[in-house]
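Some notes on the structure that comes next.
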Amino acid sequence: MTRHFPLRICLGLLAGGLLACSDDGGTKPVDDGADGTSPVDTFVPDTVADTDGTIADTDLPDVDTGGDTFVPTDTDVIDTDTGGPVAECDKAANVAHRNSLLAAQPVLEGRSRGPITAAVSWASLADDDTESCSVTLSFKDSNGNGSLDAYENWTLTPAERAADLVARMSPAEKLGLTLHPYTTDAPTLANNAVAAATSTLVTAQHARFGVTTAVTKPISARATWANNLQELCEGENLGIPFVISAAGAHSAGDGRSKTSGFSRWPHELGLAAADDLGVIETFGGVAAQEYGAIGIRLALDVSADLATDPRAFAEPFTFGEDDAAVATALGRYLKGLQGDDLATGGVAAVVGHYPGAGATVGGLDPRLAKGKHLVFPGGAFDDHAGVFEAAIDAGAVVVMPAYGIPKTGSWTGLGGVVDGATIEQVGASFNKTLLTDALRGHGGFDGMVLAPRGVLEDAGTSPLGAPWGVESLTKAQRAAKAVGAGVDQFLGLADPAPLAAAKTAGDLTDAQLDAAATRALTLMFRLGLFEDPYVDPSAANALVNTDPSYRAGLNAMNRSMVLLVNADKPAGWLNSGGDGTQTGDKGNAGNGSLKILPAPPGEPYVRAGCSYFILGDFDLDYVRSVSAGYGELTNDATEIDGVPVTTPEQRIARSDYVFIRVPAACTADPDAGALTTCGPSLTYAGSENADVLDLLGYVRDAIDALPSSQTQIVVGVDGGRAPVVSEVLGYGVTGLYMTWSVTDKVFLDVAFGIVNGSGKLPVGIPLSNAAAASQLEDVAGDGQHATFVRGFGLTTTAF
């Protein structure tokens with residue numbers, strides 16, 4: 001049993017610094033030895049001081065007031081120290097640091113590299129910094145040498161760890177970090193091994209970054225493949241993991257492929273059209289979860305470009321034309337994607353294309369020789385570059401330069417850091433003024449710079465080569481110039497030979513290579529990949545396209561539809577005996593608004609609602625399967641309102657609505673080759689999809705053939721750049737939507753008033769090709785249609 005000793009009452013200081021105390025009985029403490037520890041504190045009762053300074057018994061509720069250092073060792077009962085000083089490492093600051101390290105202990109997972117334990121020491125954070133404190137923690141033994149090396153020590157900063165690792169690497173291993181190849185592995189459930197070509201990239205070329213292109217393959221197979229790739233890397237010298245990257249994967253069309261199994265969202269311009277920053281941040285979080293489920297930790301194609309030129313092919317993949325709005329939207333996307341801590345599930349973003357690729361000459365594709373210049377005739381360089389500085393403030397960790405050459409002119413930027421009169425006429429990847437002076441110096445960026453695909457290749461579109469301004473240099477000289485300008489890594493590069501040759505020639509120094517490798521490794525450490533690069537294939541399917549993710553994507557698409565035209569409802573049309581002003585009556589189109597939209601959806605199994613015919617890019621089989629939820633689909637009707645119909649023209653003319661989905665206007669650029677990009681024209685007339693106008697003419701003729709017809713034509717232009725819509729409106733179109741990669745369900749839900757319509761244009765729409773050609777490429781809101789300016793959009797209210 002435990003016996004208590006009397007409380008000592010301290011009276012004051014005696015000579016020699018001892019404290020005189022008395023007690024309430026002078027009984028000596030007794031330790032029953034139950035915990036195996038004998039009392040070691042010499043207790044002298046009454047007014048005699050306690051002098052040995054080693055009270056260590058916690059069986060008894062000791063109260064030591066003698067001025068000695070209190071060192072409890074038993075654990076039966078907590079000792080109470082009411083007077084003596086606390087041990088240096090037990091002081092609050094050191095205890096807090098110790099606890100923070102224990103709390104930060106990451107999950108460690110290895111296949112061929114096991115964990116080790118080691119004591120981590122630090123100079124006291126309390127009173128005496130000459131005293132050292134420590135705590136024992138677990139670490140992954142990445143190089144398998146059985147001891148803790150600095151780069152394995154997760155308590156150090158990513159920069160400290162990277163510096164240590166670079167010093168251990170061979171030149172070949174450092175060169176491998178400049179590569180960022182495309183992998184062609186296509187894992188299946190039956191075969192998810194790392195392909196021989198990819199294995200060679202890892203083991204012979206020492207590549208540790210790469211793009212996965214297996215967008216159609218099963219989710220769990222891709223997760224297992226990612227693990228197999230990480231296991232291969234883990235077994236190599238130093239155990240450096242692999243950073244798997246991917247292009248945009250959550251929308252489809254205009255050159256982009258959605259990853260099978262992921263949730264569906266609109267293009268970035270559609271996200272901006274939703275006019276809700278919460279939608280954009282939510283998308284970032286969903287993207288991070290779905291990428292992470294299959295081991296992807298680096299998202300390519302995150303655009304900070306401004307859509308100031310409506311002719312630019314990449315417009316749908318921007319957040320719009322206004323620099324302040326784009327900077328805010330991009331910041332919220334980065335917050336969702338990267339999270340508060342990249343190491344705990346965030347996905348790093350590659351933000352492009354510095355200093356802003358929206359201002360290409362004539363709106364031409366900057367990957368083509370004729371579009372290789374960035375131009376700033378309006379002097380708006382700071383608007384474009386400023387978005388990147390905002391992105392850096394929001395946590396951007398990788399930046400991709402533009403392809404283009406900033407064309408000389410009477411413009412300046414960033415307070416004179418960039419001078420249009422003297423700037424070197426080379427592409428951004430080779431331009432030291434842009435990457436070192438402006439991006440790193442003025443912008444304060446200390447992350448990795450990833451050059452775009454093809455900048456080291458000879459000019460051409462198949463394969464892509466865009467070495468603008470350095471065409472006369474060899475690949476080795478281009479590589480050296482790019483690294484000297486500030487590039488760390490090259491997208492699409494699978495062979496380090498150009499950089500190795502540059503190093504042999506003395507054009508690429510050890511210091512430059514070390515700096516580039518350090519920034520690449522720092523990103524890896526920030527991502528937490530050295531501790532645990534693996535994912536759980538059995539959980540992968542449950543992490544993608546979850547019900548909340550599906551619904552969030554659906555909400556984003558619903559809200560992204562921008563209604564540009566909504567004509568007045570014809571007199572007496574769809575009134576059900578009323579005057580069209582009643583609300584809550586689905587027989588009154590427009591829900592009391594006296595507008596043709598939204599169309600009355602009816603009530604399944606009670607009332608069919610309006611009749612409608614669909615044309616264009618709708619999936620007719622899908623619409624047939626869900627038609628009862630909207631109204632009476634007439635594509636297969638044999639009679640409408642009791643009148644027999646036998647031809648499509650008759651069905652069109654007797655339907656209440658014709659809904660037509662069409663792509664944006666595109667005239668293939670004859671110089672684009674395999675890139676298949678659109679030229680600058682924004683009209684359907686003379687384009688490769690001029691048949692859109694033929695389709696509209698066919699519908700107009702069918703309606704006009706029946707004088708009593710009141711059929712309303714509603715067109716949805718989907719994806720791509722906004723066309724010259726006056727062409728479309730000329731066919732008597734009374735409802736016009738702009739959308740960016742939405743599903744048929746979304747289109748019909750908004751058009752039929754199942755959900756509200758609320759989208760706003762994030763870009764203006766030019767009145768004509770002439771208006772687009774006359775505007776200044778770098779200036780937002782210049783030369784656009786007076787009605788359809790940025791921010792315009794009509795709203796509709798659901799029934």
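Remember, it's a predicted structure, so these values are computed and weren't measured experimentally. The basis for the numbers below is simple: all heavy atoms, side chains too, and nothing from hydrogens, waters or symmetry mates.
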Please check if atom CG in Asp446 has more than 12 non-hydrogen atoms from other residues, nucleotides or ligands closer than 6.0 Å.
-> no

* To do: Would you sort out whether Glu777 and Lys407 count as a salt bridge (charged side-chain N to carboxylate O under 4.0 Å, His left out), showing the intermediate values?
  => CA-CA 12 Å; Glu777 290 96 331; Lys407 190 174 183 179; over 6 Å; no

Before giving the answer on side-chain contact (heavy atoms from CB on, under 4.5 Å), spell out for Val418 and Phe376 the whole-Å C-alpha distance, their side-chain angles and the decisive distance to 0.1 Å.
CA-CA 12 Å; Val418 183; Phe376 301 96; over 6 Å; no

Heavy atoms of Asp305 and Gly356 approach each other most closely as OD1-CA, 3.7 Å

Side chain to side chain contact (heavy atoms under 4.5 Å, CB included) test vs Asn431 passes for just one of Leu439, Val426, Asp437, namely Val426

- Message: Within the 3.5 Å criterion, strictly below it, is a donor on Thr739 or Asp718 matched to an acceptor on the partner's side chain?
- Response: yes

**Asked** For atom CZ of Arg264, is the number of surrounding heavy atoms from other residues, nucleotides or ligands below 6.0 Å larger than 12?
**Response** yes

CG (Leu729) and CG (Leu696) are apart, to the nearest 0.5 Å, by 10.0 Å

In this structure, OG of Ser560 is separated from CG of Asn558 (nearest 0.5 Å) by 8.0 Å

OG1 (Thr461) and CG (Leu368) are apart, to the nearest 0.5 Å, by 7.5 Å

The side chain to side chain donor-acceptor pair (under 3.5 Å) partner of Lys370 among Asp365, Thr360, Asp669 is Asp669

Geometric cation-pi criterion, Arg367 with Phe313: 6.0 Å, 45°: no

Evaluate the ring planes of Trp265 and Phe283, with Trp represented by its six-membered ring, and classify them as parallel (under 30°), tilted (30 to 60°) or perpendicular (over 60°). tilted

So Phe788 and Val565, side-chain contact (heavy atoms from CB on, under 4.5 Å) or not? Walk me through it. CA-CA 10 Å; Phe788 303 134; Val565 173; 4.0 Å; yes

Any side-chain heavy-atom pair of Val562 and Leu564 under 4.5 Å: yes

Here the gap from Arg332 atom CZ to Thr282 atom OG1, rounded to the nearest 0.5 Å, amounts to 8.5 Å

**Heavy-atom side-chain proximity of Phe445 to Val399 below 4.5 angstrom** = yes

Between Arg661 and Val742 the two heavy atoms that sit nearest each other are NH2-O, 3.1 Å

Minimal heavy-atom distance between Thr408 and Ala421, with the atoms involved, is CG2-O, 4.3 Å

message: Side chains of Leu271 and Trp740, heavy atoms from C-beta outward: is any pair under 4.5 Å?
response: no

Do Lys760 and Asp275 sit within salt-bridge range, that is, some charged N less than 4.0 Å from a carboxylate O?
no

On a heavy-atom basis, the closest approach of Arg440 and Thr436 is CB-O, 3.4 Å

>> Is it the case that atom NZ in Lys432 sees more than 12 heavy atoms from other parts of the structure closer than 6.0 Å?
In response: no

Next on the checklist: I'd like to know whether Asn756 forms a side-chain contact (heavy atoms from CB on, under 4.5 Å) with Thr795, so could you lay out the CA-CA distance, the side-chain angles of the two residues, the decisive distance to 0.1 Å, and finally the verdict.
Outcome noted: CA-CA 7 Å; Asn756 293 335; Thr795 60; over 6 Å; no

Q) Should Glu389 and His442 count as side-chain neighbours, where that means a heavy-atom distance under 4.5 Å? A) yes

**Item:** Close side-chain approach of Thr308 to Asp782, heavy-atom, < 4.5 Å
**Value:** no

Do Val211 and Leu491 have side chains that approach each other closer than 4.5 Å (heavy atoms only, starting at C-beta)? yes

Look at the rings of His250 and Tyr291 and say which category their plane angle falls in: under 30° parallel, 30 to 60° tilted, over 60° perpendicular.
-> perpendicular

Item to complete: Flag the pair Pro401 / Val449 as yes when at least one side-chain heavy-atom distance between them is below 4.5 Å, and no otherwise.
Response: yes

Rounded to the nearest 0.5 angstrom, the CG-CD1 distance for Leu334 and Ile280 is 11.0 Å

- Task: Indicate the ring-plane relationship of Tyr333 and Phe319, choosing parallel, tilted or perpendicular according to the 30° and 60° boundaries.
- Result: tilted

Scanning both residues in full, the closest heavy-atom pair of Val398 with Leu298 reads CG2-CD1, 4.1 Å

One should read off an interatomic distance between Leu523 CG and Thr518 OG1, to the nearest 0.5 angstrom, of 12.5 Å

With a 4.0 Å cut-off, would you call Arg256 and Glu268 a salt bridge? yes

task: Inspect the contact between Asp309 and Arg721 and indicate whether a charged nitrogen and a carboxylate oxygen are less than 4.0 angstrom apart.
output: no

Ala438 and Leu414 have their tightest heavy-atom pair at CB-CD1, 3.6 Å

| query | Tell me, do Tyr737 and Val750 make a side-chain contact under 4.5 Å, heavy atoms counted? | reply | yes

(request) Could you walk me through whether Phe490 and Val483 pass the side-chain contact (heavy atoms from CB on, under 4.5 Å) test, one step at a time? (result) CA-CA 10 Å; Phe490 298 87; Val483 173; 4.1 Å; yes

